[in-house]
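Note that the structure is predicted; figures quoted are calculated from it, not measured.
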Amino acid sequence: MNDTATATVNLEDLRSKVKAMYTEVAESPEGNFHFEMGRVLAERLGYPASELDHIPVESMESFAGVGFHLDLARIQSGDSVLDLGSGSGMDSFLAAIRTGTAGKVVGIDMTDSQLKKAQALQARHGFPQVSFRKSYLEELSVEDDSYDAAISNGVINLCPDKASVFKECHRVLKIGGRLAISDIVTEVQLPPNVVCNASLWAACIGGAMQMENYLQAITEAGFRMETVRENPEYRFLSKSAVGATRQYGVKSVSLLAVKV
């Protein structure tokens with residue numbers, strides 16, 4: 001399987017650029033980015049307005065997701081949910097509405113500014129079942145077989161070792177646990193000059209994996225694929241990102257896989 005390998009891009013340079021971009025997303029969501037952000041984007045992707053009305057506005061301002069997948073996650077009252085790359089907390093807060101106070105939601109992120117913002121919103125708006133912690137997705141500080149669902153939106157494409165991310169998801173989910181993801185993939189394998197560009201990784205392009213390889217990495221981690229759907233309502237903004245979309249078939253998909 002031809003993954004976007006760690007050796008092709010400098011890991012520290014990549015993480016530094018990703019953190020810098022998503023620090024700006026947290027602190028200056030009104031800025032100019034390669035991608036859309038905010039509530040208008042969320043609603044166009046399929047997030048119910050009736051649910052968005054009940055979460056902190058600031059969490060939506062910094063929302064930079066690429067699809068909708070909470071319906072696929074089938075979150076129920078009392079569930080334990082892991083939000084991978086939780087950002088400013090929009091998906092975590094929405095998941096918490098579904099789990100109720102009998103459940104729990106843990107958001108994982110590596111960017112200090114995003115964590116600080118999400119933690120402040122949690123404290124201010126009264127979501128006692130939600131917490132946030134710092135970690136890389138390849139090395140989750142979470143116990144084995146402890147969660148009913150793991151969700152992620154537009155983040156795994158930023159990880160250099162996606163196979164390790166999916167193996168970690170399998171480790172922490174209970175048998176029958178649901179992995180519900182929206183992410184960026186490609187129709188064809190990206191060339192080395194794109195893969196080696198850390199700035200394009202941070203823009204959600206350089207790290208995008210060819211779709212068949214992405215799905216294969218999930219099944220090889222021990223999941224059964226149940227649903228895959230494209231998100232045609234998602235689009236990039238910058239010229240370079242739009243050009244990559246056309247040249248390499250960069251696109252958004254949402255999927256559900258179940259731990260077996």
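- Taking 4.5 Å as the limit, some side-chain heavy atom of I156 sits within range of a side-chain heavy atom of I181.
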Full working for side chain to side chain contact (heavy atoms under 4.5 Å, CB included) between D112 and T23: CA-CA 8 Å; D112 290 334; T23 293; over 6 Å; no
Verdict with reasoning, D83 to S86, per side-chain hydrogen bond (donor to acceptor under 3.5 Å, both in side chains): CA-CA 5 Å; D83 185 4; S86 49; 4.8 Å; no
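- Rounded to the nearest 0.5 Å, atoms CD1 (I218) and CZ (F223) are 8.0 Å apart.
- A donor-acceptor pair is defined here as one N or O able to donate and one able to accept, closer than 3.5 Å; no such pair exists between the side chain of E36 and the backbone of L41.
- Proximity of R39 to D53: side-chain heavy atoms (C-beta onward) are separated by under 4.5 Å at one or more points.
- Across all non-hydrogen atoms, the minimal contact from R171 to E143 is NH1-C, 3.9 Å.
- Note on V258: it does not cluster hydrophobically with L255, by side-chain heavy-atom contacts below 4.5 Å among ILVMFWY residues.
- Under the 4.5 Å side-chain contact rule for hydrophobic residues, V57 and I97 share a cluster.
- At distances below 3.5 Å, at least one donor-acceptor pair connects side-chain atoms of Q129 with backbone N or O atoms of A96.
- Side-chain atoms of R178 do not come within 3.5 Å of backbone N or O of A149 as any donor-acceptor pair.
- Taking OG of S146 as the reference point, atom NZ of K174 lies at 8.0 Å (rounded to 0.5 Å).
- The residue from E212, M211, K251, Q247 that alone fulfils the side chain to side chain contact (heavy atoms under 4.5 Å, CB included) condition with E187 is K251.
- A side-chain donor-acceptor contact under 3.5 Å links S62 to the backbone of V25.
- Taking each heavy atom of H69 and I151 in turn, the nearest pair found is NE2-CB, 3.8 Å.
- Formation of a donor-acceptor pair under 3.5 Å by the Q210 side chain with backbone atoms of N213 is found in this model.
- Note that the CG atom of L52 and the CD atom of E43 stand 5.5 Å from one another [nearest 0.5 Å].
- T111 places no side-chain N or O within 3.5 Å of a backbone atom of S113 that could act as its donor or acceptor partner.
- When all heavy atoms of H54 and S50 are compared, the pair lying nearest together is CD2-O, 2.9 Å.
- Put simply, the side chain of M90 does not reach to within 4.5 Å of the side chain of N153, judged on heavy atoms.
- Cluster annotation: V81 is not connected to L256 through the hydrophobic network of ILVMFWY side chains, with a link wherever side-chain heavy atoms come within less than 4.5 Å.
- Aromatic pair F68/Y234: centroids not less than 6.0 angstrom apart.
- Here the OH atom belonging to Y147 is positioned 14.5 Å from the CG atom belonging to L179, to the nearest 0.5 angstrom.
- Follow the hydrophobic side-chain contacts under 4.5 Å out from M110 and you reach M21 in the same cluster.
- Of the possible donor and acceptor atoms, one in the side chain of R133 sits under 3.5 Å from a partner among the backbone N and O of S141.
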Start with the C-alpha gap between D148 and R74, add the side-chain angles, then the distance that decides, and say whether salt bridge (charged side-chain N to carboxylate O under 4.0 Å, His left out) holds. CA-CA 10 Å; D148 297 296; R74 302 195 296 262; over 6 Å; no
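- Nearest heavy-atom pair, S88 versus K117, reported as atom, atom and distance to 0.1 Å: OG-CD, 3.3 Å.
- Linking Ile, Leu, Val, Met, Phe, Trp and Tyr residues whenever their side-chain heavy atoms come within less than 4.5 Å places L84 and M225 in a single cluster.
- Side-chain atoms of N157 do not come within 3.5 Å of backbone N or O of M209 as any donor-acceptor pair.
- At a threshold of 4.5 Å between non-hydrogen side-chain atoms, the residues I108 and L137 count as touching.
- For F127, the ring-ring contact (aromatic ring centres under 6.0 Å, His included) partners two or more places apart in sequence, or in a different chain, are F93.
- Under the 3.5 Å distance criterion, the side-chain polar atoms of Q119 are matched with a main-chain donor or acceptor of F132.
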Side chain to side chain contact (heavy atoms under 4.5 Å, CB included), that's the test. Do M60 and Y47 meet it? Break it down for me. CA-CA 11 Å; M60 290 181 276; Y47 282 83; over 6 Å; no
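- In this structure, OG in S135 is found 8.0 Å from CD in E168, a value given to the nearest 0.5 Å.
- In this structure, A217 and F166 approach most closely via the heavy-atom pair CB-CD1, 3.8 Å.
- Contact record, A95 with I75: CB-CD1, 3.9 Å, taken as the closest heavy-atom pair.
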Kindly determine whether V253 and Y214 satisfy side chain to side chain contact (heavy atoms under 4.5 Å, CB included), including the steps that lead there. CA-CA 11 Å; V253 297; Y214 189 96; 5.5 Å; no
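- Residue S182 is tested with S252, S254, S152 for a side-chain hydrogen bond (donor to acceptor under 3.5 Å, both in side chains); the sole match is S254.
- The residues K162 and D183 are annotated as not salt-bridged, no charged nitrogen and carboxylate oxygen being separated by less than 4.0 angstrom.
- Atom CD in E138 sits 12.0 Å away from atom NZ in K167 (nearest 0.5 Å).
- Checked by atom type and distance alone, the side chain of K259 pairs as donor or acceptor with a backbone atom of H170 at under 3.5 Å.
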